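Everything on this sheet refers to the single structure shown next.
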Protein chains: 2
Amino acid sequence: MDKMPEMEILFELADVFKVFGDSTRLRILYTLFEDEHSVGEIAESLQMEQSTISHQLRVLRTNKLVKIRRDGKQIYYSLDDDHVKKIIEMGLDHVLE
Amino acid sequence: MDKMPEMEILFELADVFKVFGDSTRLRILYTLFEDEHSVGEIAESLQMEQSTISHQLRVLRTNKLVKIRRDGKQIYYSLDDDHVKKIIEMGLDHVLE
DNA sequence: TTAACATATGAACAATTATTCATATGTTCA
DNA sequence: TGAACATATGAATAATTGTTCATATGTTAA
């Protein structure tokens with residue numbers, strides 16, 4: 001173990017970390033820690049443009065960090081991976097020394 | 001717990017993940033998983049410019065992921081944090097599903 | 001001191017990306 | 001069907017960033 005992965009895997013790995021490397025996406029993920037939320041709720045909660053949130057949710061979804069549930073006009077997003085919390089907490093451990 | 005951190009902390013957190021979000025830096029970290037290595041050794045091993053490696057090592061060092069030990073003309077880099085391996089492994093878990 | 005070597009650094013460039021604005025798509029209800 | 005609402009998307013822009021080249025800094029040994 002700990003052997004260097006193939007280049008293809010390394011690029012994917014870097015891409016995943018890139019997703020965590022933006023404060024807006026981190027805020028969205030934190031918002032979803034507790035419960036699922038609609039796009040509008042997240043935008044309202046973070047005081048950001050609906051468009052911005054939607055764009056970033058797509059990034060999160062493409063990378064399989066969140067999943068969706070449609071209910072009428074709204075689309076509810078929630079965490080789609082057990083690792084998300086743990087990865088963020090590990091990063092936080094590092095930041096907090 | 002799981003409460004959203006202050007903005008300042010969120011930016012730091014994002015910055016840490018940004019560091020992991022580059023394949024060159026991931027390769028450098030993997031190289032250091034086993035043992036410490038000099039700048040030249042890493043550049044040779046990864047077949048990249050010495051300058052590129054040096055620049056990226058500075059990023060890693062600034063973010064306290066690697067530390068240095070001077071020995072004559074060479075500077076040996078090694079991992080400076082217990083979390084590094086774990087964070088990368090978590091990310092890998094996600095990538096590998 | 002000087003030559004040779006190892007590493008660091010600054011400037012420049014290309015590429016990537018987060019946000020905004022405007023608009024499109026899709027859903028509900030009258 | 002059409003109006004109102006929720007979300008998605010494309011284009012444009014500004015900002016950030018990884019790499020290279022050239023050169024500077026720092027170390028050793030003669």
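The figures that follow rest on heavy atoms only: side chains count, while hydrogens, waters and symmetry mates do not. Bear in mind the structure is a predicted one, so any value in this text is a computation, not a measurement. Throughout, protein chains are lettered first and strands after them, A, B, ... in sequence-line order, and every chain is numbered starting at 1.
You'll find the side chain of B:Met7 reaches within 4.5 Å of the side chain of A:Arg27, heavy atoms only.
Within 3.5 Å, a donor on the side chain of A:Ser51 pairs with an acceptor on the base of D:dT9, or the reverse.
Applying the 4.0 Å criterion to OP1 and OP2 of D:dA6, one finds that A:Gln50 has every side-chain N and O outside that range. Look at B:Arg58 and you'll find a side-chain N or O under 4.0 angstrom from OP1 or OP2 of C:dT9. At D:dA6, none of the side-chain N or O atoms of A:Ser38 fall inside 4.0 Å of OP1 or OP2 (strictly under the cut-off). OP1 or OP2 of C:dA6 has not a single side-chain nitrogen or oxygen of B:Tyr77 nearer than 4.0 Å. Contact check, A:Arg70 against D:dT7: no side-chain N or O comes under 4.0 Å of OP1 or OP2. The phosphate of D:dT20 has OP1 or OP2 within less than 4.0 Å of a side-chain N or O from B:Thr52.
Nucleotide C:dT17 holds its C1' atom 19 Å from the CZ atom of B:Phe17, rounded to whole Å. Atom NZ in B:Lys18 sits about 12 Å away from atom P in C:dT17, given to the nearest Å. When rounded to the nearest whole Å, the span between CD1 of B:Ile75 and P of D:dT28 equals 11 Å. Put simply, CG on B:Leu60 is 16 Å from P on C:dT7, counting in whole angstrom units. Rounded to whole angstrom, the span from the CG atom of A:Leu26 across to the C1' atom of C:dA18 amounts to 14 Å. Across the protein-nucleic acid pair, A:Glu44 atom CD and D:dA6 atom P stand 12 Å apart, rounded to whole Å. Rounded to whole Å, atom C1' of D:dA8 lies 15 Å from atom CD of A:Gln74. Taking atom CD1 on B:Ile53 and atom P on C:dT7, their separation rounds to 11 Å, with Å as the unit.
Here A:His55 does not count as stacked on C:dT19, because the ring centres are not under 5.5 angstrom apart with planes under 30°.
With B:Phe33 as the aromatic partner, B:Lys85 meets the cation-pi criteria of under 6.0 angstrom to the ring centre and within 45 degrees of the ring axis.
In this structure, the side chain of B:Arg25 engages the main chain of B:Lys18 through a donor-acceptor pair within 3.5 Å. Looking only at distances, no side-chain donor or acceptor of B:Ser54 sits under 3.5 Å from a matching main-chain atom of B:Gln50.
Aromatic ring pairs are classed by plane angle as parallel below 30°, tilted from 30° to 60° and perpendicular above 60°; the pair A:Phe17 and B:Phe20 is tilted.
A residue-by-residue look at B:Ile68 and A:Gly72 shows that B:Ile68 has its nearest nucleotide of DNA chain C further toward the 5' end. Heavy-atom nearest nucleotides on DNA chain C were determined for A:Gly21 and for A:Lys73, and the one closer to the 5' end corresponds to A:Gly21.
Using a 4.0 Å heavy-atom distance criterion, A:Arg61 is classed as making no nucleic acid contact.
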